[in-house]
Amino acid sequence: MKESHKRDFRKSCIKRLEFESRFSKIYKDKKVVKNLHILIKQYKAKRVLLYIPMGIEVDVLPLINRLRKERVCEVYVPYMIGDSFKAVKYRLPLKKKKFGIKEPPNSSFKAKKIDLAIVPVVGVDGLCKRIGFGKGMYDRFFYRLGYTPCIVFTQLKLCKTPKILSNDYDIQANYIITN
């Protein structure tokens, strides 16, 4: 029963985000990115996990470029492996891979401890836990990490339900930054 509610909520959030991303997306992205940058500086994060954005997600590529230019912190992004991913340093060229997600080249370099993780969400439940695309990759990544960095959810427009749709293993946000 809970899974069907979660699936329905996910679908409605995706529709909302698709609609939302048609209007003033660049402006909304800039607002979220500005607030993420402020948070990273306030948190004094040395190693930040970001993501390569897809259409309905907040475009954090300007933030990635700015952080790399400022050399304030190391920037890592997901590199998919099996049912999860590993954090690799952001490098060019990016190549389109599984699920249409772009990734940098693989690296055997093991990421040091991530201080702050910026994670895209489709929706958020009553416990501020992530409702993603349903593959569980972020949940598995953080579970296998063995520690919990500060987690920041991003979304163009908050899609939240007061219901508890998450499972025990779903990740929870320390902060949620939206337009």
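Numbers for residues simply follow the sequence, beginning at 1.
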Item to complete: Determine whether Tyr143 and Phe133 fall in the same hydrophobic cluster, where Ile, Leu, Val, Met, Phe, Trp and Tyr are linked whenever their side-chain heavy atoms lie under 4.5 Å apart.
Response: no
Worksheet item: What distance do Tyr90 atom OH and Glu74 atom CD have between them, rounded to the nearest 0.5 Å?
Response: 16.0 Å
Fill in: Under-4.0 Å salt bridge between Lys129 and Asp125
no
Item to complete: Provide the closest heavy-atom pair for Val119 versus Tyr51 in the form atom of the first, atom of the second, distance.
Response: C-CE2, 4.4 Å
Show me the donor-acceptor pairs within less than 3.5 Å that the side chains of residues 171-179 make with the rest of the protein, sequence neighbours left out.
from	atom 1	to	atom 2	distance (Å)
Gln172	NE2	Leu127	O	2.6
Asn174	OD1	Ile151	N	2.7
Asn179	OD1	Lys31	NZ	3.4

Item to complete: Sort and list the pairs that fulfil salt bridge (Lys or Arg N to Asp or Glu O under 4.0 Å) and have at least one residue in residues 152-164, not counting sequence neighbours.
Response: none
Pairs under 3.5 angstrom only: tabulate donor-acceptor contacts from the side chains of residues 53-61 to other protein residues two or more places apart or in another chain.
from	atom 1	to	atom 2	distance (Å)
Glu57	OE1	Met54	N	2.9
Asp59	OD1	Leu61	N	3.0

Discussion item. What verdict does the side-chain hydrogen bond (donor to acceptor under 3.5 Å, both in side chains) test give for His37 and Gln42, after you've listed the backbone C-alpha separation in whole Å, the side-chain angles of each residue and the deciding distance to 0.1 Å?
Written reply: CA-CA 9 Å; His37 187 257; Gln42 286 176 344; over 6 Å; no
Worksheet item: Step by step, would you call Phe9 with Val122 a side-chain contact (heavy atoms from CB on, under 4.5 Å)?
Response: CA-CA 9 Å; Phe9 178 65; Val122 169; over 6 Å; no
Item to complete: With rounding to the nearest 0.5 Å, note down the distance linking CG in Asp115 to OH in Tyr76.
Response: 9.5 Å
Discussion item. I'd like to check Val88 versus Lys86 (side-chain heavy atoms, cut-off strictly below 4.5 Å). Are they in contact?
Written reply: yes
Practice prompt. Would you mind reporting whether Leu49 and Ile118 have side-chain heavy atoms less than 4.5 Å apart?
Written response: no
Discussion item. Ring pair (Phe, Tyr, Trp, His ring centres under 6.0 Å), that's the test. Do Phe85 and Tyr79 meet it? Break it down for me.
Written reply: CA-CA 5 Å; Phe85 62 85; Tyr79 182 87; 10.0 Å; no
Worksheet item: Is Asp170 salt-bridged to Lys6, cutoff N-O under 4.0 Å?
Response: yes
Worksheet item: Hey, are the side chains of Ile64 and Val77 touching, using non-hydrogen atoms and a 4.5 Å cut-off?
Response: yes
Response to the item:
In this structure, CZ of Phe153 is separated from CD1 of Ile131 (nearest 0.5 Å) by 9.0 Å
Worksheet item: Is there side-chain contact between Asn65 and Lys69, with at least one heavy-atom pair below 4.5 Å?
Response: no
Discussion item. So Pro78 and Phe141, do their side chains get closer than 4.5 Å, heavy atoms only?
Written reply: no
